[in-house]
Amino acid sequence: MSTSTGPRVSGLEVRSIDYVPLDERHGRLWHLGPLWFMSNAQIATLAVGLIGITGGGNLIWSLIAIVAGTVIGTFFMAFHSAQGPQLGLPQMIQSRPQFGYVGALLVWLFAYVQYAGFNVFNTILAGQALHTTVHGGVKLWVVVVTVVAFAVALVGYDIIHRAERVLTYLFLVVFGVFTVGVLLTLHYPPGSFDLGGFAWTPFLAQFGVVAGYQISWAIYVSDYSRYLSPDVTVAKTFYWTYFGSGLGGVWLMTLGALLAAWAGKDFDTIRSINAAGDGVFDGFGAIVLLFAALGLVSVTALNMYGGSLTLISAVDSFTRVRPTLALRLVTIGLTAALSLVGALAATSHFLENFNNFLLLVLYLFIPWTAVNLMDYYVVRRGHYAIAEIFNPRGIYGRWGWHGITAYLVGFAVMVPFFSVGTLYVGPVARALGGADISLFVGLPVSALLYWLLTRSIDVQAEERLAEAEAEALEQAAHEHREP
């Protein structure tokens, strides 16, 4: 397998939304494991594990909901990962065959909002962690974290992979000790492990937020597998992504639930981690928080990188762009600036409603993931005319009404099942005591409707076109332009 890194300037990645030619494919499949493990193994993920406890559920059922939500949510995101090596494209540009050259802006807008929202939360948490340990003020550290993450995102794909591998090894040591300490030294309220204490509403709230958090990674995954050789199998790509992300998610969310049950009403993410760490030995809480800040820097870089790709895709829908380092610099800088402004302006109200943000992410991306996966694995079975994805007058059209219709109908039928805290509770969710089962409605409706609407697509004709354009596609990639 070639390890050529392609066109670069001073080690910086140049490619963005463009196709990665075969002789530039590089990297090892197992690298996906630590990348997705560490992407989840950071304290923003820990905050996802609180919802069941703070909603009145007991510890054991919160843990069961965490595992169940991770098992199901990660299933979908890992299947997206397998698209990267086969297509050589970042994730969101792959929405054009389903939604159209312009129609894909619908999901790109939602994706960009997600990147910004997560980065606001991540940088605030990192700022609080660093202020608690080395002082200097939360806002100062928010700026520092943003600048460092910007530098990592700008260098690009390879350094992000390397950083996540190094952080994974360090995490296993630091959080391994911390987790053992939490399990051995903390005490939990009576009834925490009583299986008879089941309640639907907090269980489904915890399940839904966890599943939504895992599904939210679906918009990233091909970004970090697209340089791999297409010779890697779909199954192995799926497994490395699934178990990496799933293990990281369960570990941190479980820690979140344990800490929330222990601290009760006094729970605060940073203070509780610090106190639990110092319970292992004096000063260990600061070590955990300092390392946690590094993890938040890395995931902030992922969001800037993905946000840049999404922004370039959106611009390309209006005027064709040549993917260059300068374009990456501008779009990563804009994404960093947006999240920085949001973080500096955010209030505690934003942090308290992080779970509502996660549920909104879940609602917005359930129909998209259903449409995208149905198209890739069932309708077109992985065969796309990649050059046509960059052709505004190509076979995929400007508006993909099949995908747009399936998305909007899937979202619409979910609305009565929504349960978003005090913001909105749909009539069906209200009848179920606030329980949210919208995931189980939106996924099958969007997927089946898209399948029905696309029965007339001539997939074999698309395959023939892809074969005819393959040589020109590789040539355009070597000339560093869109086909």
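Note that these values count all heavy atoms, side chains included, but never hydrogens, waters or copies made by symmetry.
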Quiz item: Parallel under 30°, tilted from 30 to 60°, perpendicular over 60°: which one fits the rings of F411 and F418?
Solution: perpendicular

Quiz item: Quick one: does Q206's side chain get under 4.5 Å of I66's, heavy atoms only?
Solution: yes

Practice problem: Could you tell me whether a side-chain N or O of S339 sits under 3.5 Å from a main-chain N or O of A336, the two making a donor and an acceptor? | Solution: yes

Self-check item: Residue pair F284 / I287, side-chain heavy-atom distance below 4.5 Å
Solution: yes

Quiz item: Residues two or more places apart in sequence or in another chain: which of them pass ring-ring contact (aromatic ring centres under 6.0 Å, His included) with Y242?
Solution: F238

Quiz prompt | Step-by-step side chain to side chain contact (heavy atoms under 4.5 Å, CB included) determination, L35 to W240 | solution = CA-CA 10 Å; L35 183 133; W240 278 112; over 6 Å; no

Quiz item: Is it true that atom CZ of R271 has more than 12 heavy atoms of other residues, nucleotides or ligands lying nearer than 6.0 Å?
Solution: no

Self-check item: Neighbour count above 12 (heavy atom, 6.0 Å) for Y239 OH
Solution: no

Practice problem: Can you measure from CG (L364) to CD1 (I219) and round to the nearest 0.5 angstrom? | Solution: 10.5 Å

Quiz prompt | Flag, side chain of N122 to backbone of F118, donor-acceptor distance under 3.5 Å | solution = yes

Quiz item: Are H161 and L32 side-chain neighbours, meaning at least one heavy-atom pair lies under 4.5 Å?
Solution: yes

Quiz item: Would you say the side-chain atoms of Q214 pair up with the backbone N or O of G73, donor to acceptor, closer than 3.5 Å?
Solution: no

Quiz item: Any chance CZ of R430 has more than 12 other-residue heavy atoms, nucleotides or ligands included, within less than 6.0 Å?
Solution: yes

Self-check item: Gap between atom CG of N303 and atom OG1 of T310 - 0.5 Å precision
Solution: 10.0 Å

Quiz item: Looking only at atom types and distance, does a side-chain atom of Q114 sit under 3.5 Å from a main-chain N or O of S216, one as donor and one as acceptor?
Solution: yes

Quiz item: Just wondering, do L338 and N119 contact through their side chains at under 4.5 Å, heavy atoms?
Solution: no

Practice problem: Enter the distance from W36:CH2 to S225:OG here, rounded to the nearest 0.5 Å. | Solution: 8.5 Å

Self-check item: CZ-OH distance between F79 and Y376, expressed to the nearest 0.5 angstrom
Solution: 11.0 Å

Quiz prompt | Under 3.5 Å donor-acceptor, T133 side chain and L130 backbone | solution = yes

Quiz item: Does R96 reach the main-chain N or O of I93 with its side chain, forming a donor-acceptor pair under 3.5 Å?
Solution: no

Exercise. Side-chain contact test, heavy atoms from C-beta onward, threshold under 4.5 Å: evaluate it for F203 versus I64 and give yes or no.
Key: yes

Quiz item: Pick from T300, I159, I332: which one makes a side chain to side chain contact (heavy atoms under 4.5 Å, CB included) with V152?
Solution: I159

Quiz item: Which of these passes side chain to side chain contact (heavy atoms under 4.5 Å, CB included) with V142: T146, V144, L140?
Solution: T146

Quiz item: Does a side-chain heavy-atom distance below 4.5 Å link F267 with T269?
Solution: yes

Quiz item: Is there a donor-acceptor pair under 3.5 Å between the side chain of Q91 and the backbone N or O of S222?
Solution: yes

Quiz item: Going by distance alone, is a donor N or O of one side chain under 3.5 Å from an acceptor N or O of the other, for T45 and Y213?
Solution: yes

Quiz item: Looking at Y115 versus Y220, is the centre-to-centre ring distance below 6.0 Å?
Solution: yes

Self-check item: Near-ring test F76/H80, centroid separation under 6.0 angstrom
Solution: no

Quiz prompt | Distance in Å, D375 CG paired with Q98 CD, rounded so as to fall on 0.5 Å steps | solution = 4.0 Å

Practice problem: Report yes if the side chains of I215 and I72 come closer than 4.5 Å at any heavy-atom pair, otherwise no. | Solution: no

Practice problem: For Y305 and T335, test the side chains for any donor-to-acceptor distance below 3.5 angstrom and give the result as yes or no. | Solution: no

Quiz item: Would you find a donor on one side and an acceptor on the other, under 3.5 Å apart, between the side chain of E164 and the backbone of S298?
Solution: no

Self-check item: Side chain W108, main chain G103, donor-acceptor under 3.5 Å
Solution: no

Quiz item: Do L309 and M92 have side chains that get closer than 4.5 Å, going by heavy atoms?
Solution: no

Quiz item: Taking the six-membered ring for Trp, is the centroid-to-centroid distance between F417 and F440 below 6.0 Å?
Solution: no

Quiz item: Is it true that the side chains of S245 and W217 contain a donor and an acceptor less than 3.5 Å apart?
Solution: no

Self-check item: Main-chain N/O of E13 paired with R328 side-chain donor or acceptor, under 3.5 Å
Solution: yes

Exercise. To the nearest 0.5 angstrom, please state how far the NE2 atom of H31 sits from the OH atom of Y224.
Key: 16.0 Å

